[in-house]
Amino acid sequence: MSEFLALLRRDVLLARRQGGATTSVAVFFILTVTLFPLGVGPESALLGRIASGVIWVAALLATMLSLDRMYQSDFEDGSLDLIALSPLPLELVSLAKTLAHWATTGLLLVVLSPLLGVLMQLDASAFPTLIAAMALGTPTLSLLGGIGAALTVGVKRGGVLLSLLVIPLFIPVLIFGVAAVDAAASGLSPRPHLLILGALFLFSAVLAPLAGAAALRLNLE
């Protein structure tokens with residue numbers, strides 16, 4: 001457990017010291033959502049109707065923007081080989097890197113989403129559901145994206161390939177995340193959609209580290 005926490009702490013500290021990637025994710029998320037009121041006009045009814053979809057699509061794209069750095073820098077400087085030779089199983093290595101990715105990017109998206117909900121004229125009754133859905137959905141995006149990042153580690157300019165691999169995996173999170181917020185904004189119960197998001201998170205939390213470890217073994221052989 002100490003090796004797991006040490007790796008998690010190392011990746012979080014590296015992300016904070018480098019800063020640029022985390023900042024770029026936040027700026028990209030804000031700018032993408034901000035473009036919609038400028039493009040479709042300031043009509044509050046229209047903005048409120050598309051708010052959940054816009055925020056979730058922007059969150060999905062912002063997550064993809066940062067996925068390639070999950071393993072790539074460690075692979076390039078040889079650190080990933082040393083980590084793979086450590087006593088820590090690759091499954092826990094994959095989980096630690098995924099947690100660090102969510103802590104430095106996904107958590108920021110959860111914090112920013114209510115502010116962007118105000119910008120998009122989202123109904124106030126939907127804000128708690130938006131936060132809950134983002135809190136369940138963004139770690140799932142990091143877990144599923146970690147599989148793609150592990151599969152493409154070592155592939156030069158693998159960003160496009162990574163996007164093609166993970167976008168289909170992100171679709172269920174996008175559908176039920178948007179549906180939960182829309183249900184709350186319409187006065188309906190978002191509980192079924194949040195339960196499905198929770199199930200997707202638990203399913204991903206169990207299987208994604210195993211798949212990520214298998215991909216790392218394949219690429220490090």
Side-chain angles (χ1 to χ4, degrees), residues 1-18 20-22 24-25 28 59-107 109 136-176 197-221:
M1 184 57 74
S2 60
E3 291 90 353
F4 176 83
L5 294 176
L7 179 59
L8 175 60
R9 183 171 178 272
R10 167 190 175 272
D11 278 18
V12 171
L13 288 176
L14 282 176
R16 285 184 179 176
R17 287 174 183 170
Q18 293 169 353
T22 300
S24 64
V25 168
F28 180 86
L60 186 151
L61 295 175
T63 300
M64 284 199 300
L65 187 69
S66 59
L67 282 176
D68 60 346
R69 67 181 173 85
M70 190 181 292
Y71 295 107
Q72 197 63 36
S73 59
D74 285 341
F75 178 79
E76 289 173 353
D77 65 14
S79 301
L80 191 57
D81 290 318
L82 296 177
I83 293 171
L85 292 173
S86 71
L88 190 65
L90 278 178
E91 288 79 4
L92 291 181
V93 170
S94 176
L95 182 60
K97 287 195 163 290
T98 301
L99 284 174
H101 177 267
W102 180 78
T104 54
T105 59
L107 186 58
L109 301 183
L136 288 171
T138 51
T140 309
L141 296 179
S142 292
L143 285 162
L144 296 175
I147 300 173
L151 282 170
T152 57
V153 68
V155 177
K156 290 184 178 178
R157 299 177 182 176
V160 175
L161 177 60
L162 174 58
S163 300
L164 293 175
L165 286 172
V166 300
I167 284 178
L169 300 177
F170 284 178
I171 290 175
V173 180
L174 174 66
I175 291 173
F176 291 106
L197 280 177
L200 289 172
F201 168 63
L202 293 176
F203 183 75
S204 302
V206 172
L207 294 184
L210 301 177
L216 286 176
R217 287 192 188 93
L218 183 66
N219 282 311
L220 294 177
E221 281 181 352

* Asked: Considering residues at least two apart in sequence or located in another chain, which fulfil the salt bridge (charged side-chain N to carboxylate O under 4.0 Å, His left out) criterion with Arg9?
  -> none
* Are side-chain heavy atoms of His101 and Ser66 found at a separation under 4.5 Å? -> yes
* Asked: Does the side chain of Leu88 reach to within under 4.5 Å of the side chain of Leu7, using non-hydrogen atoms?
  -> yes
* Asked: If you take all heavy atoms of Asp68 and Leu65, which pair is closest and at what distance?
  -> OD1-O, 3.7 Å
* To do: Check whether any side-chain N or O of Thr140 sits under 3.5 Å from a backbone N or O of Leu136 as a donor-acceptor pair, and report yes or no.
  => yes
* **Leu109 side chain near Val25 side chain, heavy-atom distance below 4.5 Å** => yes
* Do Leu92 and Pro89 have side chains that get closer than 4.5 Å, going by heavy atoms? -> yes
* To do: Scan for side-chain hydrogen bond (donor to acceptor under 3.5 Å, both in side chains) pairs involving residues 205-220, sequence neighbours excluded, and state none if there are none.
  => Glu91-Arg217
* Any idea which heavy atoms bring Gly146 and Tyr71 closest together, and the distance? -> O-CE1, 3.8 Å
* Give a yes or no on whether a salt bridge exists between Asp74 and Arg10, defined as a side-chain N under 4.0 angstrom from a carboxylate O. => yes
* Do the side chains of Val173 and Leu197 get nearer than 4.5 Å, heavy atoms only? -> yes
* Asked: Is any side-chain heavy atom of Leu216 less than 4.5 Å from a side-chain heavy atom of Leu80?
  -> yes
* Structure fact -> On a heavy-atom basis, the closest approach of Leu144 and Ser204 is CD2-OG, 3.6 Å
* Backbone of Leu90 reached by a side-chain donor or acceptor of Ser94 within 3.5 Å -> no
* Asked: Are the side chains of Leu95 and Phe4 in touch, meaning some heavy atoms are under 4.5 Å apart?
  -> yes
* **Min side-chain heavy-atom separation Thr138-Leu107 under 4.5 Å** => no
